[in-house]
Amino acid sequence: MESLLAAAPFHVAAFSSVSSPSTHSPSLLRSIRGGGRAVRCAAAKEAILYALEHDEMFNSEEVIQWESGKTINSIAAAQGIRIRRRCRPRYPSEGSGDDKAVPRNILEQIVWDKEVEVSQRKAKKPLKSVVESSEHAPPARDFIGALTAAHRRNGVPALIAEVKKASPSRGVLRENFNPVEIAQAYEKNGAACLSILTDEKHFQGSFENLETVRNSGVQCPLLCKEFVIDIWQIYYARSKGADAILLIAAVLPDLDMKYMLRICKNLGMTALIEVHDEKELDRVLRIDGVELIGINNRSLETFVVDTSNTRMLMEKRGDIIKEKGIFVVGESGLFTPDDVAYVHSAGVSAVLVGESLIKEEDPGRAIAGLFGKELLS
């Protein structure tokens with residue numbers, strides 16, 4: 001909900017600062033300018049009040065609950081989200097006593113660190129500046145179109161190949177890491193799209209890698225693989241050349257996903273919404289406008305991988321997914337042609353693969369080994 005800022009469809013009537021963090025319960029907010037409602041909508045300490053015109057999101061159940069005194073974390077928990085938000089100005093490992101937070105799992109640690117990172121980035125480059133930069137970015141390319149064409153062309157799941165140096169669970173995956181060379185090798189060997197890790201603290205990625213690959217002449221559409229908690233990141237990714245961006249259902253409440261989808265559509269970007277379990281999938285399927293879902297076989301809380309997760313979810317919800325015309329991507333735990341065939345038979349039309357390719361001496365040539373054949377570009 002802290003992501004509910006004023007985008008193009010909204011009209012800002014007034015704004016002012018408030019001092020308490022957005023995870024604290026607010027009192028009922030006053031009306032501004034002719035009865036318009038105001039909502040506090042930033043995770044930083046110096047939050048902003050935006051008065052919005054009548055809008056289905058602004059009048060959603062989550063906003064009404066928030067205005068009546070519920071915390072963002074309690075609202076998220078009611079939707080099955082176990083990841084808490086801290087909204088602190090320092091990294092959780094810093095501080096002492098009550099201020100020294102202990103995350104429940106890896107994903108919560110990443111999200112808390114991301115809150116600090118985004119707050120610091122926004123202080124250096126405010127949202128208005130990033131929005132303006134995004135308007136001068138090269139046009140977004142058709143991410144789903146590229147996946148669909150590759151699937152039809154090769155008769156196997158389209159490949160989203162990941163440019164990834166490290167991970168929290170595996171450490172450094174590739175010492176000799178040149179993002180442009182890797183991206184070019186992937187494209188040459190049949191990847192339909194590329195995924196670029198941008199998280200620095202836990203994955204040793206960067207937005208600079210994303211921008212460099214985009215400016216290198218690589219034609220594959222690019223997915224910004226980021227832990228998105230704020231719309232600032234979406235505009236920033238677009239300004240760096242991203243054609244698509246990852247949204248994680250385990251982190252984002254329904255209202256945030258709806259709002260971020262709206263922004264992506266306005267920017268011409270594709271949102272890949274990632275789910276891991278049945279409850280997350282059901283939440284996403286209730287949201288209008290979803291076109292691309294990723295089923296992650298890895299729990300981002302424990303990092304345990306189970307490839308049968310894709311089949312289980314597709315057996316339970318495959319009919320609804322097909323009826324809605326949603327394109328499905330299988331993620332994690334895919335190392336062999338049998339693994340790819342397994343998730344393909346379950347109903348996915350694309351796979352997102354990083355570790356099994358990036359650890360090979362020639363990541364591009366490793367694609368043929370993954371699929372059991374060379375892919376047509």
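If you're wondering where the values come from, they're calculated on a predicted model, not measured in any experiment.
I81 places a side-chain heavy atom less than 4.5 Å from the side chain of P253. Using a 4.5 Å heavy-atom cutoff, the side chains of T198 and N209 are not in contact. Put simply, the side chain of V329 does not reach to within 4.5 Å of the side chain of I293, judged on heavy atoms. Looking only at side-chain heavy atoms (C-beta outward), N189 and L375 stay at 4.5 Å or farther from each other. In this structure the side chain of M269 never reaches within 4.5 angstrom of the side chain of R141, judged on heavy atoms. Annotation: side chain of R174 is in contact with side chain of P363 (closest heavy-atom distance under 4.5 Å). Within the 4.5 Å cutoff, the side chain of L272 has no heavy atoms near those of the L247 side chain. A heavy-atom distance below 4.5 Å is not found between the side chains of S349 and P157.
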Output, in order, the C-alpha distance, side-chain angles, deciding distance and verdict of side chain to side chain contact (heavy atoms under 4.5 Å, CB included) for E117 and D199. CA-CA 10 Å; E117 177 196 325; D199 179 77; 4.1 Å; yes
Can you check side chain to side chain contact (heavy atoms under 4.5 Å, CB included) on E162 and L352, steps first, answer last? CA-CA 7 Å; E162 193 150 83; L352 192 157; 3.3 Å; yes
Please test R214 against D243 for salt bridge (charged side-chain N to carboxylate O under 4.0 Å, His left out), starting from the C-alpha separation and ending with a verdict. CA-CA 10 Å; R214 179 65 193 250; D243 306 292; 3.0 Å; yes
Can L159 and Y186 be said to form a side chain to side chain contact (heavy atoms under 4.5 Å, CB included), step by step? CA-CA 9 Å; L159 173 63; Y186 282 156; 5.7 Å; no
Under the salt bridge (charged side-chain N to carboxylate O under 4.0 Å, His left out) rule, what do R82 and E301 come out as? Steps first, then yes or no, please. CA-CA 9 Å; R82 296 180 291 274; E301 296 183 22; 2.9 Å; yes
Please assess S308 against D306 for the test side chain to side chain donor-acceptor pair (under 3.5 Å), listing each intermediate value before the final yes or no. CA-CA 5 Å; S308 68; D306 179 3; 2.7 Å; yes
Step by step, work out the salt bridge (charged side-chain N to carboxylate O under 4.0 Å, His left out) result for E280 and R283. CA-CA 5 Å; E280 291 173 3; R283 286 174 51 217; 5.6 Å; no
Apply side chain to side chain contact (heavy atoms under 4.5 Å, CB included) to the pair L292 and L147, showing each step before the final yes or no. CA-CA 10 Å; L292 188 64; L147 295 178; 4.2 Å; yes
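Closest heavy-atom contact between I245 and C264: CG2-SG, 3.8 Å. Here the shortest heavy-atom pairing between D339 and G333 reads OD2-O, 3.7 Å. Of all heavy-atom pairs between V218 and V213, the closest is CB-O, 3.9 Å. Among all heavy-atom pairs drawn from V284 and A249, the shortest one is CG2-CB, 4.0 Å. Contact record, A350 with F327: CB-CE2, 3.5 Å, taken as the closest heavy-atom pair. The two residues I321 and L285 have their closest heavy-atom pair at CG1-CD2, 3.9 Å.
With N309 contributing its side chain and R298 its backbone, the two residues share no donor-acceptor pair below 3.5 Å. Proximity of a side-chain donor or acceptor of K373 to a complementary backbone N or O of A368 within less than 3.5 Å is not detected. At least one donor-acceptor pair closer than 3.5 Å links the side chain of W112 to the backbone N or O of R84. A distance-only check finds a donor-acceptor pair linking the side chain of R238 to the backbone of P138 [under 3.5 Å]. A donor-acceptor pair is defined here as one N or O able to donate and one able to accept, closer than 3.5 Å; such a pair exists between the side chain of Q233 and the backbone of D230. Of the possible donor and acceptor atoms, one in the side chain of E62 sits under 3.5 Å from a partner among the backbone N and O of L255. One N or O on the side chain of T212 and one on the backbone of E208 form a donor-acceptor pair closer than 3.5 Å. Remark: side-chain polar atoms of R365 are not paired, donor with acceptor, to backbone N or O of E360 under 3.5 angstrom. Checked by atom type and distance alone, the side chain of N105 never pairs as donor or acceptor with a backbone atom of T302 at under 3.5 Å. In this structure, S239 contributes its side chain and Y236 its backbone to a donor-acceptor pair below 3.5 Å.
Under a 4.0 Å N-O distance rule, the pair K164/E355 does not qualify as a salt bridge. Salt-bridge annotation for E115 and R86: absent, with no side-chain N of the basic residue lying under 4.0 Å from a carboxylate O of the acidic one.
Separation of atoms CD1 (I160) and SG (C193) is listed at 5.5 Å; rounding is to 0.5 Å. Remark: I273 CD1 to M257 CE distance equals 6.0 Å, nearest 0.5 Å. For the atom pair T310 OG1 and I295 CD1, the distance stands at 5.0 Å (nearest 0.5 Å). A distance of 6.5 Å separates OG of S68 from NZ of K70, quoted to the nearest 0.5 Å.
S206 and E200 are not linked by any side-chain donor-acceptor pair at a separation below 3.5 angstrom, with hydrogens and angles left out of the test. Judged purely by distance below 3.5 Å, without hydrogens or angles, the side chains of Q109 and D113 pair a donor atom with an acceptor atom. At a cut-off of 3.5 Å, with distance as the only test, a side-chain donor of S345 or R311 sits close to an acceptor on the other residue. No hydrogens or angles considered: nothing links the side chains of T336 and D338 as a donor-acceptor pair under 3.5 Å. Side-chain atoms of T307 and N297 include no donor-acceptor pair closer than 3.5 Å.
Take H202 and apply the ring pair (Phe, Tyr, Trp, His ring centres under 6.0 Å) test, not counting sequence neighbours, and it matches no residue. With sequence neighbours excluded, no residue forms a ring pair (Phe, Tyr, Trp, His ring centres under 6.0 Å) with F177.
With L300 as the partner, the side chain to side chain contact (heavy atoms under 4.5 Å, CB included) test is satisfied by one option alone out of L107, V111, I110: L107.
V343 and F335 sit in two unconnected hydrophobic clusters of ILVMFWY residues. Membership requires side-chain heavy atoms under 4.5 Å apart, directly or through other members. Linking Ile, Leu, Val, Met, Phe, Trp and Tyr whenever their side-chain heavy atoms come within less than 4.5 Å leaves V305 and V353 in two separate clusters.
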